[in-house]
Amino acid sequence: MARFRLSDLNDAQRIAATTTDGPLLILAGAGTGKTRVITMRVAYLIAQGVDPAHILAVTFTNKAAAEMRERLGKMIDAADAKKVTMSTFHALCLRILRAGIDRLGYKNNFSIYDEGDQLGLIKKIITRTAARDEKLDPNIAKASISKAKNNGWSPPHDGETLAGAVFRRYRDELKTANAVDFDDLLLLTVQLLNEHPDVRQRWRERFRYLMVDEFQDTNRLQLELVRLLADERQNIAVVGDDDQSIYGWRGAEVSNILEFEHHFPNPTVVKLEENYRSTNAILGTANSLIKHNPRRRPKRLWSSRGDGEKVRLIESPNDREEGQFVAEEIHRRHMDTEEPWEGFAVLFRMNAQSRILEENLRRLQIPYRIVGGKSFFDRREVKDLIAYMSVLVNPEADANLLRIINTPARGISAATVETALQWSVRQKCSLWEALRSAQFVASVSARTGASINAFVELIDSYQIKIAEPLTEPSAIVTKLIAEIEYATELRRSCKTAEEASAREGNIGDMLRDLAAFAQRSTKGLPGFLDEILLDQEREEEKQEDIEKKKAVTLITMHAAKGLEFRHVYLIGLEEGLLPHERSKSEGTIDEERRLLYVGITRARRTLTLSYCRDRLKFGSVSPCHPSSFIKELAPEFLERVDLKKLLATPVTEVTGKSRFAQMRAAIGG
DNA sequence: AATCGTCTGCTTTTT
DNA sequence: GCAGACGATT
């Protein structure tokens, strides 16, 4: 029985949730109940008799997909909810490719190269290809390859530049390695559906109702994929907000949402403008800023809540004092108003800005958490283990093989590997095939040859074990780790015993994850690898679960999208930082404005903006000017606050509650 | 093979 | 001002 009520929605939301046929564009401003509408729409479709298996909802992050799934589970029958496909673009593509990539000449056990693998391969190709005086930054090459793939460009065949040659070799060597990168997941899926009508038809039959979340962040390939799937029925509902498009630098095309009518003619267009998150002072400030953007769909967020407190604007002498002020004020407000730590967030443009904040928060013993930063998947031992497991599934993926071929040391030196690699390039085969080739092994010393043969036999034997159905993959991998004495290797290579055991613990965690995966899935080791490669967030979430942190949040404005906090501090609002200097030269100031807009609309109750007169930049103090965005903000909601006066006054807002709290404390309960 | 020292060059990072 | 990359050194 349905546990959802359409009457819980406002008029616009209800239209969005109940328009089931034809293209639908839902322009969902910040805090307007977007996820609610999407899940309600899915529930409504099912209530109308649509088979849940025919519904596809695509998101950008695993977190968003999981949240949607959870909410849907509360609304409708659990069995039905399970049948709905909710996945990220990349996970969807992976699924389509695992089923049919052989049509494109790959094997279905292909590996996925992460950005590190990509970079490693590109570096190798550059050093092999470039002439002595030629230079090409691998990171730039990687970025242009990604851009080229997303634009559907092919590498040039002749009269080629170094960059072009690197692109072509990169593409060819990936294929030889039976591997794809993140861009390929999209690119090859589009290619597969384009070139093979039967495959296309199959997936069109499967997914008859499509929904795409965060549509403003889709790139060209993602739009193309959606078009391919939606083609005949045009049952495509997209949700997004052009004002929150902040990933243009990653290839997102705002035009996808701005010109939705062009891609999907005659859509129903619904605007969600009633905001359930913030006060009108905050929304008015946001509206006044964003209306300065030329290319946008006009929208005005409003709330039935009152104006609330004015937005404060604070000037600090320098970044140190800014950090000190923010930390001290959060401390004071927490003490005075009993506002819990997790009600506060400090938002900034670059991660480097978090340092000063951290120091000040630590000094006052305020608990904090930093969102983003380095992933657990960057850890050496985790990468090694993933590489070992990947090699068992697909030994042709050079990147994985290279990682483990001599870890722990087994007598296959870097020089030997280099020779093998050269041989494999000449033979247009994978490194693995080179190692297996009797002809190659004969070309190295007897001793090295023996080491290579032993390694090949090791991998072969475990490959056979892992391929057997009904065997427990985690037991096999555990045995492999023991056989190569990886723990010994860790103890040898770590400075302290604690570090070694911490790393060993990470290995244990991952093996337990694998065992748990095998319990709930039939997809075995390959399935496990797919999951961890496309969900790098998992580990981080786990950590949060353990601590359930009651802490102040430090976060970039990018990473803050989709989150909300009662009290938000936006720091470093200076010309050159926000908007960033580079955006000014690159002509992407509109996106910087949207970034600030995203930051502002994270705040539920109070918002404090701050800039400095001086800032430590590249080691030396340099003067700064207030961001040009500040003068675009509606003056009626803005209050300039003098830092000195503020520090002199012990309690500002919510004095009543503070007194009440003090009285209660005095009474003792 | 590991470690030390110097050089460089500075956003944002869903997958 | 500092991290990360890379080459010279033992």
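We name chains A, B, ... by the order of the sequence lines, and we start the count at 1 in each one.
Across all their heavy atoms, Ile126(A) and Pro138(A) have their closest contact at CD1-CA, 3.8 Å.
For the pair Arg492(A) and Phe182(A), both in contact range of DNA chain B, the more 5′-proximal nearest nucleotide belongs to Arg492(A). Of the two residues near DNA chain B, Ala409(A) and Leu595(A), the one whose nearest nucleotide lies more 5' is Ala409(A).
Rounded to an integer number of Å, the gap from Asn62(A) CG to dT15(B) C1' is 8 Å. Note: CZ (Phe618(A)) to C1' (dC7(B)) measures 16 Å, nearest angstrom. Atoms CD1 (Ile555(A)) and P (dT12(B)) sit 13 Å apart, rounded to a whole Å. Between the C1' atom of dT12(B) and the OH atom of Tyr597(A) lies a distance of 19 Å, rounded to the nearest Å. Remark: P of dT13(B) and CZ of Arg349(A) are 9 Å apart, rounded to the nearest angstrom. At whole-Å resolution of the value, CD in Glu359(A) and P in dG1(C) are 13 Å apart. Whole-Å rounding puts the Gln353(A) CD to dG1(C) C1' distance at 15 Å. Atom pair Leu92(A):CG and dT15(B):C1' shows a separation of 13 Å (rounding to whole Å applied).
For the C1' atoms, the distance linking dT14(B) with dA3(C) amounts to 25 Å, nearest Å. One C1' atom belongs to dT11(B), the other to dC6(C), and the distance between them is 24 Å to the nearest Å. Between the C1' atoms of dT12(B) and dA5(C), the separation comes to 22 Å (whole Å).
Summarising the geometry, atom CD belonging to Gln353(A) is positioned 8.5 Å from atom CG belonging to Leu357(A); distances are rounded to the nearest 0.5 Å.
Residue contacts shown for Tyr247(A) include a base, since a base heavy atom lies under 4.0 Å away. Base engagement by Asp217(A) is indicated by at least one non-hydrogen atom pair under 4.0 Å involving a base atom.
By the 5.5 angstrom centroid cut-off and the 30-degree plane limit, Trp249(A) is classified as stacked against the base of dT12(B).
The side chain of Ala559(A) lies closest to dT13(B), out of dT14(B), dT11(B), dT13(B). Across dG1(C), dT12(B), dC6(C), the shortest atom-to-atom separation from the side chain of Lys123(A) is found for dC6(C). Distances from the side chain of Glu592(A) to the nucleotides dT14(B), dC2(C), dT11(B) place dT11(B) closest.
Partner of Thr59(A) under the side-chain contact (heavy atoms from CB on, under 4.5 Å) criterion, chosen from Asp217(A), Val212(A), Ile38(A), Asp213(A): Asp213(A).
Scanning residues 568-590 of chain A for heavy-atom distances under 4.0 Å to DNA chain B yields His580(A), Arg582(A), Glu586(A).
In textbook terms, a nucleotide whose glycosidic angle is within 90° of 0 is syn, and dT11(B) is one such case.
For Thr556(A) and dT13(B), the shortest distance from a side-chain N or O to OP1 or OP2 is below 4.0 Å. Regarding contacts with the backbone of dT13(B), a side-chain N or O of Asn351(A) is found under 4.0 angstrom from either OP1 or OP2.
Of the charged side-chain nitrogens involved, none lies within less than 4.0 Å of a carboxylate oxygen, so that Asp137(A) and Lys142(A) do not count as a salt-bridged pair.
Between Trp249(A) and His558(A), a ring centre-to-centre spacing shorter than 6.0 Å is recorded.
Both tests do not hold together for Arg491(A) against Tyr486(A): distance to the six-membered ring centre under 6.0 Å, angle to the ring axis within 45°.
Asn62(A) places a side-chain N or O within donor-acceptor distance of the main-chain N or O of Leu534(A), the cut-off being under 3.5 Å. A donor-acceptor contact shorter than 3.5 Å links the side chain of Ser144(A) to the backbone of Ile140(A).
Under 3.5 Å, the side chain of Arg250(A) and the base of dT12(B) form no donor-acceptor pair of N or O atoms.
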